[in-house]
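What follows is a set of notes on a single structure, which appears directly below.
Computed over heavy atoms, backbone and side chain alike; hydrogens, waters and symmetry mates excluded. In what follows, chains carry the letters A, B, and so on, assigned in the order in which the sequence lines appear, proteins first and then strands, with residues in each chain numbered from 1.
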Amino acid sequence: MADSETQREAVLDALDNVAERLAEEKEYLTDLDSAIGDADHGANMQRGFGKAADKREEFAEMEPNEVVKNVGTTLISNVGGAAGPLYGGSIMFASQEFEDGITAETSVAFAEAYLDKVKDRGGAQVGAKTMVDALVPAVHTYKKSVEQDDLPPLEALAKAVDAAERGVAFTVPIKAMKGRASFLDWRSVGHQDPGATSTLFILEELLATAEEYLDGEVDRDARAEDAVGRDE
Amino acid sequence: MIGLVVVSHSAKAAEGIAEVAAQMGGGNARIVPAGGDEDGIGTSPDRIREGIAEADDGDGVVVLVDLGSAVMNAELAIEMAMDSEAVIADAPILEGTLNAAVETTSKKATLDSVVERAEDARDYRKLN
């Protein structure tokens with residue numbers, strides 16, 4: 001396990017990368033949200049993660065789990081809407097899994113605790129056209145890859161990101177059953193869920209950060225082609 | 001006395017509901033509106049938490065909510081407001097707050113009885 005200081009640096013870098021990515025994707029997320037929601041997801045996520053990233057100096061002396069917890073509370077106070085409690089509250093809750101540091105094992109526990117909290121708080125199951133559609137495949141794939149296939153965390157995370165990507169695609173052709181989009185009933189079909197999409201962006205940035213710290217590189221395009229071409 | 005917090009996406013709606021309910025409670029009920037967020041329409045866990053602290057005189061608080069993020073942010077605010085005992089009533093926000101306001105002014109009111117009276121409003125019909 002990397003020392004506590006390296007773990008904290010990795011968490012802070014991940015936070016910076018996520019904040020930067022969400023700022024880049026602000027317009028895109030807003031476009032997705034204006035089709036089936038209230039057009040604030042891009043601005044909300046940018047503001048929330050931006051505020052958290054601004055606290056880098058404040059976080060500089062904390063233990064890694066405390067940094068993660070404080071990212072959660074910052075999101076709760078600054079994201080707004082349902083995304084505040086769903087992202088912020090779940091990160092805050094899951095941060096306790098990192099009390100003894102960040103390892104392959106505790107990262108699986110974190111992912112599961114995060115997913116449980118999102119499902120519990122939001123009440124959505126797979127197929128409701130929400131962030132759960134990206135999270136469930138990502139978390140299940142990560143857990144299985146680490147615990148049963150004994151893959152290194154970086155490889156497991158890459159598989160999880162691929163799974164989340166397919167989950168995001170799955171939100172397009174289905175009808176919303178939860179959240180504001182559900183009020184649109186059949187009109188929600190054909191639109192991609194903003195929450196599932198921002199979840200994927202966050203996972204992609206966690207992967208990019210993990211590549212730096214775990215000293216590896218994953219060619220996602222090549223592997224995706226492998227997966228598609230397997231039965232041909 | 002048990003306090004009430006009214007959580008609506010609209011600050012004005014929360015204030016208006018609190019106003020109507022205060023009249024039903026004979027002016028004695030402790031009703032705190034906690035609607036809207038920093039940008040206007042929305043709900044804020046920090047505002048709700050402050051509302052719970054303001055409404056609580058030690059006997060606990062019942063939170064009335066409209067929908068969606070109001071429910072999630074109220075749950076989160078309750079988890080963060082460790083010093084107060086607070087529960088959410090699963091009731092229509094206007095009718096539920098009115099019922100709850102009346103019940104809180106009863107000498108025998110408990111958190112359970114206030115929640116129960118608020119939730120009675122789920123079955124109200126407007127016609128016949």
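For B:Leu67, the part lying near chain A is the side chain, with the backbone staying farther off; criterion is any non-hydrogen pair under 4.5 Å.
At least one side-chain heavy atom of A:Arg121 sits under 4.5 Å from a side-chain heavy atom of B:Leu76. In this structure the side chain of B:Asp39 reaches within 4.5 angstrom of the side chain of A:Arg47, judged on heavy atoms.
Taking a 6.0 Å sphere around CD of A:Glu147, one finds it holds more than 12 heavy atoms contributed by other residues, nucleotides or ligands. When the shell of 6.0 Å around CD of A:Gln192 is examined, it contains more than 12 heavy atoms from other residues, nucleotides or ligands. With a 6.0 Å radius and a threshold of 12 heavy atoms from other residues, nucleotides or ligands, A:Gln96 has its CD atom above the threshold. Atom CD of A:Glu105 has 12 or fewer neighbouring heavy atoms from other residues, nucleotides or ligands inside a 6.0 Å radius. The neighbour count for A:Lys51 NZ, taken as heavy atoms of other residues, nucleotides or ligands under 6.0 Å away, does not exceed 12. The neighbour count for A:Lys144 NZ, taken as heavy atoms of other residues, nucleotides or ligands under 6.0 Å away, does not exceed 12. Other residues, nucleotides and ligands place more than 12 heavy atoms under 6.0 Å from the OH atom of B:Tyr124.
The line from CD1 of B:Ile41 to CG of A:Asp40 is 11.5 Å long, rounded to the nearest 0.5 Å. Here the CD1 atom belonging to A:Ile76 is positioned 8.5 Å from the CZ atom belonging to B:Arg49, to the nearest 0.5 angstrom. Here NE2 of B:His9 is found 8.0 Å from CG of A:Asp38. Values are rounded to the nearest 0.5 Å.
Residues B:Asp46 and A:Ser77 share a closest heavy-atom pair of OD2-OG, 2.9 Å. Closest approach of A:Ala82 and B:Met72 over heavy atoms only: CB-CE, 3.9 Å. Counting all heavy atoms, side chain and backbone alike, B:Asp37 lies closest to A:Gly81 at OD2-N, 4.4 Å.
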